[in-house]
Amino acid sequence: AMARTAGAASGSDGHQVNEGHQHHTTPGFDAETGAYTLAPLPYAPAALEPHIDAQTMRVHHGRHHAGYVRGLNTALAKLQEIRTGGGDPSTVEHWSRELSFNAGGHINHALFWTGMAPAGNGGGGEPDGPLRAAIDRDFGAFEQFTAHFKAASAAVEGSGWGWLVYEPLGGRLMVTQMHSQQMGLFASCVPLLGVDVWEHAYYLRYQNKRSDYITAFMNVINWPEIARRFAAATA
Ligand code: MN3
């Protein structure tokens with residue numbers, strides 16, 4: 001069995017709760033088996049139409065995200081084999097790279113699905129409360145944040161993500177780019193809102209029009225969930 005998270009327990013809403021960790025509304029780990037898991041989508045695959053189409057959601061979640069979960073569990077198993085003398089120590093670098101890429105892929109997507117909700121039914125609009133105040137303080141205005149987030153995400157070279165993150169040293173929000181599934185985020189930053197700009201996230205409906213996809217994505221952002229993540233990060 002793989003290493004378990006200390007203090008893991010099941011929350012009253014049935015979601016995984018890791019005490020001391022912040023993403024308690026983000027399922028994707030089974031404390032019973034110690035394995036990372038592909039949680040079901042929190043809504044029907046067609047629920048984000050017309051902004052994100054059902055076929056993209058099915059393939060993206062059921063094949064791409066599932067692949068990262070498999071890769072993450074495989075990397076952990078291989079590294080444990082090496083620790084216990086059954087594997088080849090010269091492959092630690094390879095499996096460490098696999099761990100980084102697939103753990104990134106799993107966690108990014110777990111945050112991505114729960115960071116969205118159907119437009120007009122939990123998704124879209126604008127944040128309020130402390131998150132809104134922090135956005136206004138750190139970006140000047142919500143509209144300026146939106147323009148910055150969309151531009152940064154559209155301009156990611158190749159495959160990657162755009163993120164709104166909380167940086168705890170300075171206590172501020174930042175927008176940053178991630179390349180692949182893990183490269184470019186700095187240590188200690190807490191990811192709050194991510195948009196997947198790998199082609200598999202949008203190509204079926206939007207082809208090469210990544211900016212149109214990002215504009216549509218803004219209509220399905222689950223701001224109450226992003227505000228919960230911000231509250232947890234700043235607690
Ligand atoms: Mn993806």
Side-chain angles (χ1 to χ4, degrees), residues 16 23 25-29 35-76 97-119 122-124 149-165 175-185 189-222 225-226 229:
Q16 180 69 30
H23 302 305
T25 57
T26 305
F29 179 76
Y36 290 88
T37 57
L38 180 67
L41 286 172
Y43 34 70
L48 304 183
E49 295 264 13
H51 306 291
I52 303 182
D53 62 283
Q55 189 187 1
T56 293
M57 291 295 289
R58 284 195 195 91
V59 172
H60 194 179
H61 175 264
R63 298 189 201 164
H64 291 277
H65 187 177
Y68 299 121
V69 175
R70 276 196 305 276
L72 169 54
N73 287 323
T74 297
L76 287 171
R97 210 161 45 233
E98 285 287 299
L99 176 64
S100 174
F101 175 76
N102 288 288
H106 177 40
I107 294 163
N108 295 338
H109 287 87
L111 291 169
F112 184 55
W113 310 129
T114 53
M116 296 187 288
F149 181 80
K150 287 164 69 171
S153 304
V156 170
E157 271 186 55
S159 299
W161 294 72
W163 286 101
L164 169 67
V165 304
V175 165
T176 186
Q177 297 177 325
M178 171 191 275
H179 301 280
S180 188
Q181 297 292 1
Q182 80 278 32
M183 295 179 284
L185 279 203
C189 81
V190 181
L192 301 176
L193 167 68
V195 60
D196 188 341
V197 295
W198 285 56
E199 285 186 344
H200 66 226
Y202 61 87
Y203 210 84
L204 288 178
R205 172 151 295 179
Y206 295 96
Q207 293 81 49
N208 61 321
K209 296 174 187 154
R210 183 191 276 179
S211 290
D212 290 359
Y213 153 72
I214 296 168
T215 295
F217 168 81
M218 304 307 286
N219 295 308
V220 295
I221 295 172
N222 183 347
E225 169 61 15
I226 308 310
R229 295 173 187 170

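Values reported hereafter were calculated over all heavy atoms of this structure, with side chains retained and with hydrogens, waters and symmetry mates removed. Every number for a ligand or one of its atoms is a count from 1 in the order of the listing. Numbers for residues simply follow the sequence, beginning at 1.
In this structure, the side chain to side chain contact (heavy atoms under 4.5 Å, CB included) partners of R70, at least two apart in sequence or on a different chain, are A66. With sequence neighbours left out, A155 forms a side chain to side chain contact (heavy atoms under 4.5 Å, CB included) with Q177.
Contact of the W113 side chain with the M57 side chain is registered, since non-hydrogen atoms from C-beta on lie closer than 4.5 Å. Between M183 and M178, the closest side-chain pair of non-hydrogen atoms is not below 4.5 Å.
More than 12 heavy atoms of other residues, nucleotides or ligands shown are found within 6.0 angstrom of CD on Q207.
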Show me the donor-acceptor pairs, under 3.5 Å and distance only, between side chains in residues 195-202 and residues at least two apart or in other chains.
residue : atom : partner : partner atom : Å
D196    : OD1  : W198    : N            : 2.9
D196    : OD2  : H60     : NE2          : 2.8
D196    : OD2  : H109    : NE2          : 3.0
D196    : OD2  : H200    : NE2          : 3.4
W198    : NE1  : S180    : O            : 3.3
H200    : ND1  : H64     : ND1          : 3.2
H200    : NE2  : H60     : NE2          : 3.0
Y202    : OH   : R210    : NE           : 3.2

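Closer than 2.8 Å to the Mn ion (ligand 1) sit the protein N, O or S atoms H60 NE2, H109 NE2, D196 OD2, H200 NE2.
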